[in-house]
K.L.:
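Let me begin by handing over the structure; questions about it come next.
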Amino acid sequence: MEEESRILAEVAAAHDVVISVLQWGVMPEEAISVENRAERLNEEMLIRRIRDGEHELFYELIRPYERRVYSTAFAILRNEADAEDVAQEAILKAFKHIRQFRAEARFSTWLIQITVNEARMRRRKEHVEIMQPIVDHQDDEGNYVPRDFADWREIPSETLERSEVRQKLAEALASLGQKYREVFVLRDMQHLSIEETAKTLGVSTASVKTRLLRARLMLRDLLAPGLGGSWSSKLSFAKGTKPW
Amino acid sequence: MVVTCEQVWHELSNYLDGEVSPEVRVAMDEHLRGCQKCSAVLDGTRNVIGLYGEDRMFEPPQGFSQRLHKRLEENMPRQRGTAFGWMVAVAAALLIVGSFEIGDSSAFVGPQLRSEHAQPGTGVPPEMMVVVAEDGKLFHAGAGCPLLHDKAHLRTMTTSEARREGYTPCVRCMKQYLNESAGLEKDDDDDGEFASSASVGK
Ligand SMILES: [Zn+2]
Ligand SMILES: [Zn+2]
């Protein structure tokens with residue numbers, strides 16, 4: 001209980017800072033981290049109360065992460081039905097094991113780690129790789145040489161709202177080999193640090209860096225000719241004629 | 001320091017992540033100013049990171065959240081509020097002990113043990129989260145275990161998953177579970193943690 005009131009006081013103090021920042025209209029650099037801190041303390045308290053039996057607070061705890069869990073599972077499994085099932089399993093597992101969550105880690109990172117394990121197990125169970133990776137014949141060691149030097153300077157801000165662009169991005173990602181896809185998903189889509197990515201996947205930070213470089217360059221090769229040129233001009237022509 | 005196009009491509013990712021030395025950064029900046037090819041690759045790679053980093057990339061299907069909450073609801077214990085919190089905790093503790101032996105009686109038909117000297121460790125809860133090192137033979141209660149040498153290549157999983165992959169319990173940090181007979185009735189419910197407190201009495 002003492003612990004709880006300490007956390008409450010810290011949350012309140014952090015919120016005060018955020019509020020005063022908002023009122024005065026200044027946004028010093030620390031403000032963002034203060035907000036994160038408030039969030040984290042709030043999360044800490046939620047977890048404590050869930051452990052103490054207020055299970056329904058679990059919904060509140062995971063709400064901000066539901067989509068992330070799903071998209072991580074989808075990026076690894078490349079299939080909506082499997083991704084949904086794995087996302088449910090992972091979140092359920094997090095609930096069952098909430099007592100084992102250690103506060104040194106971020107809850108979101110822990111949750112993503114469980115999701116990756118769950119997704120990997122699902123893949124192992126299914127044995128066969130349904131879609132063969134297109135660009136996985138290179139080894140980690142060799143240098144990757146970009147194949148295309150198309151200029152791709154600007155992204156129109158509405159690009160992602162176009163479902164066909166999202167479709168292209170999904171296809172490009174799906175065509176990468178598993179080890180590149182996993183690293184890219186954790187690092188560039190889920191914004192884990194290099195260390196967290198390494199820990200989640202059970203590989204060294206050096207391999208994370210090598211695979212990440214390759215994944216990014218391969219994706220650029222796959223997307224730059226289209227998004228930098230033909231697709232975007234076609235898209236701007238189609239603008240206004242589609243509901244999205 | 002002068003860098004070539006190949007060197008720029010090789011360090012591009014680290015450059016974007018701020019993982020290159022100031023010296024390399026200056027050399028790369030210098031190269032990028034004069035090289036159209038490399039700056040096209042850099043811009044494109046930056047765009048890739050920006051696009052995929054958006055939260056909207058993979059939208060869950062319609063009704064995802066509702067189905068998830070329904071599934072959670074089905075798996076939550078019935079008690080609500082803090083009043084019963086301690087009872088639930090006691091029940092959970094007892095039931096975890098009760099379910100210790102399930103791991104070995106269930107579906108895993110003798111995996112190849114990674115270590116010849118391994119002890120089966122019949123008392124380890126099958127759903128407990130443990131860590132393993134890729135090249136190790138043992139699973140551990142936490143990354144802090146002194147017998148865990150390769151701390152750079154850790155994975156987290158449940159004990160039953162670890163067993164399936166051939167890992168065995170660490171004699172140091174999992175000691176409390178080894179050769180321990182729980183002395184309680186076995187509970188058929190794999191999710192013993194969630195059973196109602198009514199079963200505490202049995
Ligand atoms: Zn160049
Ligand atoms: Zn150990």
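Quick caveat: nothing in here was measured; it's all calculated off a predicted structure. These values consider heavy atoms only, across backbone and side chains, with no hydrogens, waters or symmetry-generated copies.
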K.L.:
Are B:Glu73 and A:Tyr59 close enough that some pair of their side-chain heavy atoms sits under 4.5 Å apart?
P.N.:
yes

K.L.:
Who wins among B:Val41, B:Thr156, B:Asn14 for the most heavy-atom pairs under 4.5 Å with chain A?
P.N.:
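Among B:Val41, B:Thr156, B:Asn14, the one with the most close pairs to chain A is B:Val41.
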
K.L.:
Do A:Tyr70 and B:Pro61 touch side chain to side chain, with heavy atoms closer than 4.5 Å?
P.N.:
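Yes; the side chains approach each other to less than 4.5 Å.
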
K.L.:
Heavy-atom pairs under 4.5 Å with chain A are the metric here; pick the option from B:Leu16, B:Leu42, B:Leu72 that has the most.
P.N.:
B:Leu72

K.L.:
Pick from A:Ala170, A:Ala198, A:Ala73, A:Ala215: which one has the most heavy-atom pairs with chain B under 4.5 Å?
P.N.:
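Heavy-atom pairs under 4.5 Å are most numerous for A:Ala170.
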
K.L.:
With the side chain counted from C-beta on, respond yes when B:Phe58 and A:Met189 share a heavy-atom pair under 4.5 Å apart, and no when they do not.
P.N.:
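Yes, their side chains come closer than 4.5 Å.
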
K.L.:
Nearest 0.5 Å please: distance from the CE atom of B:Met129 over to the CZ atom of A:Arg102.
P.N.:
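Output value for this atom pair is 9.5 Å.
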
K.L.:
If you measure from CZ on A:Phe58 to CE on B:Met76, what distance do you get to the nearest 0.5 Å?
P.N.:
6.5 Å

K.L.:
How close do A:His191 and B:Gly53 get, counting heavy atoms only, and between which atoms?
P.N.:
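What the structure gives for the nearest pair is NE2-O, 3.2 Å.
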
K.L.:
Determine whether the side chains of B:Ser13 and A:Arg216 contain a donor N or O and an acceptor N or O closer than 3.5 Å.
P.N.:
yes

K.L.:
Taking side chain as everything from C-beta outward and backbone as N, CA, C, O, which of these in A:Glu89 sits under 4.5 Å from a heavy atom of chain B? Side chain, backbone, both or neither.
P.N.:
both

K.L.:
Report yes if the side chains of B:Tyr52 and A:Leu223 come closer than 4.5 Å at any heavy-atom pair, otherwise no.
P.N.:
yes

K.L.:
Is there side-chain contact between B:Arg155 and A:Lys199, with at least one heavy-atom pair below 4.5 Å?
P.N.:
no

K.L.:
Between B:Glu19 and chain A, with a heavy-atom cut-off of 4.5 Å, which part of the residue counts as in contact: side chain, backbone, both or neither?
P.N.:
side chain

K.L.:
Please determine whether side chain to side chain contact (heavy atoms under 4.5 Å, CB included) holds for the pair A:Leu217 and B:Thr45, giving the CA-CA distance in whole Å, both sets of side-chain angles, and the decisive distance to 0.1 Å.
P.N.:
CA-CA 6 Å; A:Leu217 290 179; B:Thr45 308; 3.8 Å; yes

K.L.:
Quick one: pull up CD in A:Gln100 and OG1 in B:Thr158 and give me the separation to the nearest 0.5 Å.
P.N.:
9.5 Å

K.L.:
With only heavy atoms counted, which part of A:Leu173 is less than 4.5 Å from chain B, the side chain, the backbone, both or neither?
P.N.:
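For A:Leu173, backbone and side chain are both near chain B.
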
K.L.:
Can you tell me if B:Glu74 has over 12 outside heavy atoms packed within less than 6.0 Å of its CD?
P.N.:
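More than 12 heavy atoms, drawn from other residues, nucleotides or ligands, come within 6.0 Å of this atom.
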
K.L.:
Within this structure, what is the CG-NZ distance for the pair B:Leu51 and A:Lys168, rounded to the nearest 0.5 Å?
P.N.:
14.0 Å

K.L.:
Measure the CD-CD distance between A:Glu118 and B:Glu161 for me, rounded to the nearest 0.5 Å.
P.N.:
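A:Glu118 CD to B:Glu161 CD: 6.5 Å, rounded to 0.5 Å.
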
K.L.:
Out of A:Gln113, A:Lys209, A:Gln88, A:Arg187, which one racks up the most heavy-atom pairs below 4.5 Å with chain B?
P.N.:
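Top count of heavy-atom pairs under 4.5 Å with chain B: A:Gln88.
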
K.L.:
Roughly how far, to the nearest 0.5 Å, is CD of A:Glu80 from CZ of B:Phe64?
P.N.:
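So the gap between those two atoms works out to 11.0 Å.
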
K.L.:
Can A:Glu84 and B:Arg71 be counted as an ion pair, charged N to O under 4.0 angstrom?
P.N.:
no

K.L.:
What is the minimum heavy-atom distance between A:Arg220 and B:Ala40, and which atoms define it?
P.N.:
NH1-O, 3.9 Å

K.L.:
Could you tell me if the side chain of B:Asp17 sits less than 4.5 Å from the side chain of A:Leu212, heavy atoms only?
P.N.:
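With C-beta onward as the side chain, the pair touches.
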
K.L.:
Any non-hydrogen side-chain atom of B:Glu59 less than 4.5 Å from a side-chain atom of A:Arg67?
P.N.:
yes

K.L.:
For A:Glu66 and B:His69, which I'm curious about, is there any donor-acceptor pair between the side chains at under 3.5 Å?
P.N.:
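Judged by distance alone, the side chains do pair up.
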
K.L.:
Who among B:Leu12, B:Leu68, B:Val131 has the most heavy-atom pairs with chain A under 4.5 Å?
P.N.:
B:Leu68

